[in-house]
Structures are given as C-alpha cells and as structure tokens.
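Before any comments, here is the structure.
We number each residue from 1, following the sequence as shown. Note that these values count all heavy atoms, side chains included, but never hydrogens, waters or copies made by symmetry.
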Amino acid sequence: MLPLLQYRRRQTLPGRPLRVMLAAPRERCCERLDDFLLISPLFDLVGRADAESRALQLYFRVRPDVTLLDWRVAANEPARFIGLLRRVAPDAYIISIVPSLDSMPARAASALGADVVVTCDMLPAALAALAGATDDTASAESGQCA
C-alpha cells in the first residue's frame, strides 16, 4: 500500500464500483486514465471536466465518491480548485494528480486539503486501494497512465 493512502478513506457500499469524477485536460496521460477507469469493473467514471469551473458544476451534479484533480486543470494556480471544493463540499474526497511528489503543486494540494496526492504513475494503485481491491486485483487492474 502507498504511504500517501494513510489519509481518510472514503466509505462506499460494498460491491458497488467507486464513482469517480475526473477533472483533467485532454492529454496523453488522461486518455490512458480514461481507458483505465472505463475498463475496470472497480470504477464508474461518472463525469469528466477539462476546466475547473465546469468541474465544480459537475461535482454537484454527479456527487462522485472520488474527485480526481489533475494539476494542469488550472496551471497558474494548480491547487485552487482543491481549496474551493473543500469550502463548498467539505465531505468531498479529492485525489490530486501532480507532476512529482516534491513539486510545488504537490505541496499546495496537501496544504489545501487533498485527501491523497499522487503522480500519474501512482494513481491506478491508489484508486485500486480505495476501491478495496485485493493485491491480485490491483496488480491486474493497474496500468501506467504516463
């Protein structure tokens, strides 16, 4: 298990796929991530937004179990959406996807309340752990998205 997953875990109904919303620009990493989320029976991709204003509207429309936020959605202020979502939806479970764990976007995401901060390569395993996948399922489902 990843050490970053020691944050609070989102409670979901047993046997139900984890409902995931993705807020990310349409780039190569995210295309692979879309495929990963659509193929896996562990997840239900309930919404996708490529800008933070659309992501906030979408969040309240679909009420996902987990919100995946790529730092490139707001490149000038990569963690602003996390702070905003924390204020208006304090129960939101936010996974922030950052370029590296020692980057400024990672520090900002942690400071503003992201539940989990991961790189794109770490994301499949982090999602599988949240979905309650066994080690066998997680390794079969996890694919590199970078």
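A pairwise comparison of heavy atoms in Val116 and Tyr93 identifies CG2-OH, 3.3 Å as the closest pair. For the pair Val20 and Pro64, the tightest heavy-atom approach, listed with the atom from each and the gap, is C-CB, 4.3 Å. Summarising the geometry of Gly113 relative to Ile82, their closest heavy-atom pair is C-CG2, 4.0 Å, with the distance given to 0.1 Å. The nearest pair of heavy atoms linking Arg63 to Arg19 is O-NH1, 2.7 Å. Val117 approaches Ala109 most closely through the heavy-atom pair CG2-CB, 4.1 Å. A pairwise comparison of heavy atoms in Leu127 and Leu18 identifies O-CD2, 4.3 Å as the closest pair.
At a threshold of 4.5 Å between non-hydrogen side-chain atoms, the residues Ile95 and Leu123 count as touching. Within the 4.5 Å cutoff, the side chain of Leu33 has heavy atoms near those of the Leu68 side chain. For the pair Thr119/Leu101, a side-chain contact is recorded, criterion being any heavy-atom separation below 4.5 Å from C-beta on.
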May I have the step-by-step check of side chain to side chain contact (heavy atoms under 4.5 Å, CB included) for Phe60 and Val88, ending in yes or no?
CA-CA 10 Å; Phe60 285 106; Val88 298; 3.7 Å; yes
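Val62 and Leu84 fall within the same hydrophobic cluster, where Ile, Leu, Val, Met, Phe, Trp and Tyr residues are linked whenever their side-chain heavy atoms come under 4.5 Å apart, directly or through other members.
Atoms OH and CG, on Tyr59 and Leu69 in that order, are 13.0 Å from each other to the nearest 0.5 Å. Atom OG1 in Thr67 sits 8.5 Å away from atom CG in Leu58 (nearest 0.5 Å).
At least one donor-acceptor pair under 3.5 Å links the side chain of Arg86 to the backbone N or O of Ala92. Remark: side-chain polar atoms of Asp70 are paired, donor with acceptor, to backbone N or O of Arg72 under 3.5 angstrom.
The salt bridge (Lys or Arg N to Asp or Glu O under 4.0 Å) check on Asp50 picks up Arg54, with sequence neighbours excluded. The side chain to side chain contact (heavy atoms under 4.5 Å, CB included) search around Ala55 returns Met21, Ala23, Ala49, Phe81, not counting sequence neighbours. Partners of Ser103 under the side chain to side chain contact (heavy atoms under 4.5 Å, CB included) rule, at least two apart in sequence or in another chain, are Val98, Pro99, Ser100, Pro105, Ala106.
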